[in-house]
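First up is the structure itself, then whatever we jot down about it.
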Amino acid sequence: MFNFKKKDKSRQFEELSLPVMDSLYGTALKLTRDSDAAQDLVQDTYLKAFKYFETFEEGTNFKAWIFRVMTRVFYDAYREKKRRDATYLPIDEERPVRGNVEDDYSGERKVYLGELEKYLEELPLDFRLPVILSDIHEFSYQEIAEIAGCPVGTVMSRLYRGRKRLREMLIASKIVSINEKGVIIPL
Amino acid sequence: MNCREAEKLIGLYLDNEFSDADRIEIEEHLSSCQRCTLVLEDEKQLKDAISVIRLERAPAALRSRILRSLESEKRTRWAFAGLKLAATFGVIAFSILGVYSLVKSPEATPSCPDQMAMNNSQPMVDPSLRNQKYTVRSKRLKGNVFSPQLVENLVVAHVRPEPVEKKSTDPEQLAEWYRGKTGLYTAPPRFASWGGDLVGGRLSQFAGSDAVKILYSINGHKVTLFMFNPAIMPGIINIKSLEHFNKLDMDEIITTTPGGRMVAMFSWKGTGYSLIADQKKDVIVSLMKSIVSR
C-alpha cells in the first residue's frame with residue numbers, strides 16, 4: 001500500500017533540480033545582491049518546488065518551472081520584507097544614470113565590458129529579471145512571462161526598456177560610444 | 001516597414017521571437033537600411049556581452065544544506081504516509097473489534113484519551129484544548145504582544161519543516177555562531193532535565209526584527225524557541241526574578257491556539273523569549289521556569 005511512485009518522484013525531482021542549482025543561485029544572487037539572502041532563496045525554492053512537484057507537467061521545461069517557483073518565493077519574501085521593514089533598501093530603487101548621456105556622444109573611450117555586470121545589477125528589478133532570463137538563460141518570451149508572472153507584451157517592453165537603460169548607463173560611464181550615424185557602438 | 005518600426009522590433013528579431021512572415025519583412029528592411037543594420041549590430045553586441053556574463057556557482061555548503069533539507073522533507077513525507085497507513089489499519093482494526101465487542105458484550109469499554117494519545121504517538125496536547133476557540137486571555141497583552149497574526153506566524157514557523165543552519169547541541173557554540181549575526185548575546189537554554197536535546201539554530205525574523213530560532217527535541221517532540229530583542233515588543237512581560245515568575249498568572253505569558261499549541265512569550269535579563277510547543281501547559285511552564293532559573 002506504500003506509494004512507490006512517490007519515491008520515484010523524489011528521485012526524479014533531484015535528477016531534474018540539482019543540475020540547475022548553479023543557474024538558480026547565480027540568478028538569485030543577481031536578484032538579491034546578497035550571498036546569504038540568495039542562499040536562503042534557493043533553499044526555500046527547493047523546498048517549495050519539492051512540495052509542489054506534483055504540479056509540474058512532465059515534458060514541459062523544468063528549468064522554467066523551478067525558476068517560476070523561485071521568482072514567486074522571491075517576490076513573496078520581498079513584499080513581506082518591504083511591508084515589515086520600511087527602512088529596507090528598495091530593490092526597485094531607480095538609480096540615476098551617472099554622467100550625461102548627451103555629452104558622451106563623441107570622443108575616444110575605452111571598453112570595460114566587465115563593468116557591464118555591475119550595471120546589470122543596478123537595473124531596476126522589473127527590467128533586470130527579464131534581461132537575465134532572456135540573455136543569460138535564453139528563455140523564450142512566453143517562458144519569461146510565466147516565470148515573472150506578467151503578460152508577454154510586458155516582457156517585451158521591459159526587455160526593450162531594460163536593454164535601453166543598460167546602454168544608457170554604458171554610454172554615461174564611457175564604455176560605449178555613438179558613431180556619426182547616431183548608432184551606439186562599443187569602443 | 002520604416003526605421004522607427006524596425007528599431008522597435010530588432011530586439012525581438014535577435015531573440016528569435018518572430019514569425020517567418022515578420023522575419024522576411026524586417027530582413028527586407030535591413031537589407032536596404034544601413035542605419036538599422038548598425039542598430040542591429042549594436043543590439044547584438046550588447047546581447048552577446050550580457051550572455052557571456054558568468055553567474056556565480058552555488059557554494060558547496062548550500063548544495064549540502066539543500067540535500068539535507070530534501071532528505072528530511074522526504075523522511076517527513078514517508079513518516080506521514082506511514083501514519084496514514086497506520087491510521088487506515090487502525091480504523092479497520094477498530095471497526096472489526098468494535099463490531100466484535102458489540103456482538104460479544106453490549107457494554108462498550110470507555111476509551112482513555114491519554115492512553116490513546118500515547119499509543120498513536122501524537123504530541124502531548126491536552127485533549128480538552130483541541131476544540132477550544134482561540135482567545136487572548138491576558139488583558140494586559142491583548143492586541144499587543146499576542147496579536148493573532150503574530151501567534152499564527154509563530155505557529156507556522158514552528159510547524160514548517162525548516163532545516164537548521166547551525167546544528168549543535170552545545171548552547172555556547174550556537175551562541176557564538178549567532179552573536180555576530182543578530183546582536184543577541186545570551187546563549188540558548190538547555191532543557192536537559194526534561195529529556196530535551198538542543199538540535200540547532202537558524203537565523204530568523206520575529207515581528208519583523210532579526211531573531212534566532214532554536215529547535216529542541218523534547219522526548220521526541222519538537223519545541224521551538226525564538227530569541228529576540230525584547231525592545232521590539234512593547235508590553236512584553238519582563239520577568240524580574242524566579243519569585244516574580246512564580247507569582248505570575250501564567251495566562252499573562254501563555255496563550256493557547258485552536259490546535260492546542262502553547263505559545264509563551266516573555267523577557268528575561270534583556271532577552272525576549274517565545275516558546276512554541278505541542279505540549280501540555282505544565283510542561284511549558286516548567287520549560288520557562290528552567291529559563292528564568294538560569
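On a predicted model such as this, the values are computed, not experimentally measured, just so you know. Letters A, B, ... are given to chains in the order of the sequence lines, protein chains preceding strands, and every chain is numbered from 1.
Within the 6.0 Å centre-distance limit, the rings of A:H137 and A:F67 are counted as a close aromatic pair.
Within the 4.5 Å cutoff, the side chain of A:L133 has no heavy atoms near those of the A:E143 side chain.
Using a 4.5 Å cut-off between heavy atoms, B:R63 contacts chain A through both its backbone and its side chain. Using a 4.5 Å cut-off between heavy atoms, A:T27 contacts chain B through both its backbone and its side chain. For A:M156, the part lying under 4.5 angstrom from a heavy atom of chain B is the side chain only. For chain B, no part of A:E138 is nearby; none of its heavy atoms comes within less than 4.5 Å. Neither the backbone nor the side chain of B:R68 comes within less than 4.5 Å of any heavy atom in chain A. The contact between B:L67 and chain A is made entirely by side chain atoms (from C-beta outward), counting heavy-atom distances below 4.5 Å. For A:D40, the parts sitting under 4.5 Å from any heavy atom of chain B are the backbone and the side chain alike. With a 4.5 angstrom heavy-atom cutoff, B:E17 touches chain A only via side-chain atoms. For A:I132, no part lies near chain B; criterion is any non-hydrogen pair under 4.5 Å.
For the pair A:K63 and A:F139, the cation-pi test (distance below 6.0 Å, angle within 45°) is passed.
Atoms CD and CD, from A:E146 and A:Q142 in turn, are 5.0 Å apart once rounded to the nearest 0.5 Å. Atom CG of B:L203 sits about 9.5 Å away from atom CG of B:L184, to the nearest 0.5 Å.
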Subject >> Worked verdict on A:E121 versus A:R33 for salt bridge (Lys or Arg N to Asp or Glu O under 4.0 Å) >> reply: CA-CA 8 Å; A:E121 284 184 14; A:R33 305 176 183 136; 5.4 Å; no
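Among the candidates B:D15, B:V52, B:L70, the residue making the largest number of heavy-atom pairs closer than 4.5 Å to chain A is B:D15. The greatest number of non-hydrogen atom pairs below 4.5 Å with chain A, out of B:A61, B:A58, B:G11, is found for B:A58.
Checked against ring-ring contact (aromatic ring centres under 6.0 Å, His included), B:Y13 has no partners two or more places apart in sequence or in another chain.
For the residue pair A:N61 and A:R68, no side-chain donor N or O sits within less than 3.5 Å of a side-chain acceptor on the partner.
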